[in-house]
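See below for the structure under consideration.
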Amino acid sequence: MRPPVPYVRGLLSVLALAVCSGLSGASGEPERTTCRHWAVLLPEDAGQLRTYDGIRKGLEVAQLERLCLKDLADDEAAFRGFVAEHRALPSPTPLVFAVGRRAGDRLLAAGFEGPGVYVTTAMTVGGLPLTPEPALPPGSLRARGEISAEVLGSALSDLLGVNPPLVRLTWEATSPEATAAAERLMKAAGLTLAPVEPIAPPSIVPQALLHLRLGLGERLYPWAQVVAEATQGKFAVLSDDPAHYGTGAALVVTPDHALLGRLAAEAGRRLWRGEAQGSEPLVARECRLLVDLDACAAQGVVPPVTFLARVHGVRSSAARRPPLAPPGPR
Amino acid sequence: MRSLVVRTLLLVGGVVLLLGAALVAWITSQDRASARAAAEQEQVLAEQEARSLARELLGTSTKASTALVEGAARRLVRWLEEEPLGLYRDPRDPERVDVEAIKQALTAEVRRRGRDETEHVGLLLERLGTEAEKRIDSVALEARRAAQARAEVATAERSGRLAARLALLLGGLALLLALVLLISVVGPVRRLRAEVNRIAAGDLVRPLAVPTGGAGELQDLTRDVERMRGQIAAATTHLESEVARKTEHLSEALAARTHALEELDATKDRLVQSAKMAGLGTLAGGVAHEFNNLLGGILASVENARSAVSDTSVREDLDLAKRTARRAATLVEALLGVARPGQRALGRVDLGAVAAEVLEAARPLASTRSITLTHERQGVALVHGDDGQLYQVALNLVTNALQAVQNGGRVRVVTGARGRKAVLEVNDDGPGIRPEDRARLFEPFFTTKATGTGLGLFVSYGIVERHGGAIEVGEAREGGACLTVTLPAQEPSPRA
């Protein structure tokens with residue numbers, strides 16, 4: 001498990017301060033000034049924070065009580081203490097949103113019995129998650145943001161203008177399951193997988209590096225090393241972490257975390273209102289494709305204009321922004 | 001212009017100038033053609049590129065715009081599809097959906113997306129602009145290349161015209177120069193070559209028909225050829241006379257050699273014949289000696305018997321036996337004469353006189369058969385020898401001739417001198433001697449006549465041999481045989 005990157009910690013601190021300042025802000029609604037529901041989050045990528053923000057906004061739209069982030073250490077004792085504390089609260093016990101796979105695993109391991117919403121992202125092949133998801137206890141729901149392997153492969157081929165492109169994963173497989181999952185992913189995405197080995201020195205020159213988190217205990221290489229190798233070797237880097245958009249990834253494929261957050265909020269609303277039927281997850285299937293023209297230029301990639309027209313976001317530090325039209329009457 | 005080297009150099013220079021001018025003109029025309037083709041190609045490519053660029057930009061812009069609009073609409077629809085509308089229910093009345101809240105959320109989403117899409121469109125337009133700038137720069141570069149190519153064409157055409165004029169001028173000069181040099185060099189060289197061919201064909205007598213005066217390599221060459229012709233002619237004349245002299249000398253040597261060979265063959269034949277006859281003579285002498293002893297005993301016994309008997313008839317028989325024995329003794333004596341010549345009365349002998357005496361003795365017999373005897377004296381034929389033996393030789397030859405000819409035939413005897421030889425020839429018009437009989441003609445007891453003894457020619461051969469002469473058999477002009485006796489001639493005495 002790689003340690004949390006520094007900027008994620010900083011972002012969390014800023015968010016915590018913002019939440020605290022919000023608690024003391026003048027919302028005018030007493031029930032929203034105190035934290036009623038809780039979110040637990042062990043930072044893995046920047047998408048979790050956006051999801052958390054979406055949950056908060058969704059709960060606000062649903063006129064539920066305020067959600068706060070419970071800052072827990074990444075260890076079993078901390079989660080057990082939290083669960084015990086939660087059990088001791090008077091009924092109805094507040095909702096707990098576990099954002100991210102690791103936080104959810106910790107919560108389940110600590111014996112949490114709900115009501116809880118497990119928010120995860122997953123790579124899918126043929127509409128099904130590539131990696132298995134643990135069963136949830138009664139009174140819990142799952143909200144899942146998906147990245148389609150087919151969409152990922154198609155986007156990478158369109159970006160490079162090569163079909164199929166030769167790619168390499170930027171992690172070391174720690175189990176046969178991880179290797180098998182990677183092979184299934186490559187097959188579904190229509191990509192050719194180069195031998196899984198350390199990036200440098202490469203025995204076969206790939207055309208792209210895939211920096212994906214499959215949740216199978218893989219060890220990802222440091223992002224700075226990946227970007228440096230890609231820049232030197234002129235490989236395009238594809239990542240599923242929104243934090244890499246603008247920090248070295250030529251293409252970022254990510255779920256709509258804001259939507260995922262609102263879906264998680266809807267799941268929480270159903271649990272809170274007693275409307276939850278069954279355990280079917282709420283799924284955000286829309287993948288967001290983000291292209292960084294600066295990274296493309298550094299990595300020797302010239303994305304076709306037609307591809308750029310159909311992606312969700314394009315950024316360039318040297319862009320001459322067109323003057324915005326003056327805001328009209330609302 | 002007098003030196004051939006100078007003329008040759010000028011000719012080569014002219015040819016080089018002509019070729020160079022032609023090459024320059026050709027290269028210039030090629031450059032001009034290729035430059036014009038390249039300029040036209042560049043022009044066409046630039047125009048095609050511009051049109052292609054316009055179409056491509058239009059197509060790309062259209063596709064991008066469509067994708068943008070479609071993407072935005074699709075994403076908005078997807079938002080509406082995936083947005084959890086449960087969030088918008090009234091908490092106090094869960095069956096009621098707060099439509100106003102949804103409208104507000106949608107409006108906010110549309111605005112947010114509008115901002116995003118505006119930025120997106122801006123970047124896309126910038127991207128399109130960047131690509132268009134690149135392509136326009138490319139087209140401009142092509143246009144500049146086309147203009148440059150046109151300028152190069154113009155320059156090449158100017159250069160080509162100048163080069164063509166220069167080539168024309170140089171070519172004309174070179175042709176003129178070549179013509180002059182051809183007239184001044186090739187004509188004399190051709191005439192000189194004809195003269196040289198005439199000399200090579202063997203006509204060395206006439207001098208060269210090309211003028212040999214003046215200075216220059218060609219004139220030097222002409223004089224050298226004329227000198228060479230004279231030397232060759234002199235050498236040829238000398239060679240021909242030398243060959244004639246040598247040929248004559250060789251002919252004489254060949255004739256002498258042929259004569260010597262003939263002499264050698266004759267000598268060899270005579271030696272063989274002499275050896276054979278010597279052997280036969282020795283044999284006959286031995287036999288005759290034994291017979292002579294026996295005949296002596298027989299004659300003595302017959303004489304005693306005749307003295308002892310008185311009967312006339314017996315005495316006549318004994319006389320007959322005595323005469324026969326004496327004839328046998330005479331024959332044996334002849335044989336002994338060949339083997340042991342005994343004491344000879346040598347002296348100067350005139351073969352003409354001997355022949356005349358023999359003919360005189362034979363004439364009565366000849367007249368009985370109407371045979372004509374003639375004697376031709378061809379000079380004096382004096383020899384040193386035994387007159388009686390030589391008389392016997394002549395008698396044997398004439399007797400054989402008389403026996404060989406038919407009645408009314410002719411026998412001609414020739415005596416004389418031939419060179420240092422004295423000759424006695426006996427010719428007849430008889431049947432002659434067959435070639436197969438000639439080798440055995442002088443053997444003892446060889447005869448072709450029914451009553452001959454075969455000793456006449458044998459005895460004659462022995463006599464002539466002892467006199468240092470020879471007997472040869474030939475053909476007489478009368479058609480019969482010709483037997484020739486040659487003996488060493490003796491110079492007539494001054495008193496004779």
Side-chain angles (χ1 to χ4, degrees), chain A residues 54-55 57-65 143 145 256 258-270 272-275 282-293 296 302-316 318-325 327-328 330, chain B residues 56-57 59-72 74-92 94-95 97-98 101-102 104-105 107-132 134:
Chain A
I55 296 171
K57 287 185 178 176
L59 293 179
E60 185 179 346
V61 171
Q63 300 180 32
L64 293 181
E65 291 169 292
D256 189 343
L259 174 62
L260 176 60
R262 291 199 299 278
L263 287 173
E266 167 64 10
R269 187 195 66 81
R270 290 179 187 177
W272 191 252
R273 302 294 186 199
E275 297 175 3
L282 283 75
V283 178
R285 291 194 170 87
E286 175 76 359
C287 287
R288 288 175 60 79
L289 303 176
L290 306 171
V291 177
D292 184 351
L293 296 177
C296 286
V302 180
V305 174
T306 50
F307 174 69
L308 292 178
R310 70 180 178 87
V311 301
H312 296 74
V314 180
R315 70 172 301 280
S316 172
R320 296 190 297 268
R321 304 300 170 108
L324 293 174
R330 300 191 176 180
Chain B
E56 189 177 334
L57 286 177
T60 306
S61 302
T62 303
K63 286 180 185 174
S65 304
T66 304
L68 268 176
V69 173
E70 285 181 354
R74 183 176 54 80
R75 283 191 285 273
L76 199 58
V77 169
R78 289 294 297 269
W79 182 86
L80 285 172
E81 287 174 353
E82 294 189 335
E83 183 66 13
L85 296 180
L87 295 175
Y88 300 94
R89 291 181 183 178
D90 188 345
R92 289 174 295 273
E95 300 300 323
V97 176
D98 189 353
I102 293 176
Q104 289 178 1
T107 302
E109 184 68 18
V110 167
R111 284 179 179 169
R112 185 183 67 80
R113 289 178 183 268
R115 285 194 302 274
D116 294 346
E117 298 298 344
T118 300
E119 186 176 356
H120 193 175
V121 168
L123 282 170
L124 266 182
L125 287 175
E126 186 177 331
R127 186 81 179 185
L128 278 171
T130 305
E131 289 200 1
K134 288 181 182 174

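Throughout, protein chains are lettered first and strands after them, A, B, ... in sequence-line order, and every chain is numbered starting at 1.
When heavy atoms are compared at a cutoff of 4.5 Å, L282(A) does not approach chain B at all.
Between A309(A) and L124(B) the shortest heavy-atom distance is CA-CD1, 3.4 Å.
Highest contact tally toward chain B, considering only H312(A), R270(A), R285(A), R273(A), is held by H312(A) [criterion: heavy-atom pairs under 4.5 Å]. With respect to chain B, the highest number of heavy-atom pairs below 4.5 Å among T306(A), D256(A), V302(A), L259(A) belongs to L259(A). The greatest number of non-hydrogen atom pairs below 4.5 Å with chain B, out of P303(A), P304(A), A265(A), is found for P303(A).
Expressed to the nearest 0.5 Å, how far CD of E266(A) lies from CG of L85(B) amounts to 8.5 Å. Rounded to the nearest 0.5 angstrom, L123(B) CG and L308(A) CG are separated by 8.5 Å.
Ion pairing between R262(A) and E83(B) holds under the 4.0 Å rule for side-chain N and carboxylate O.
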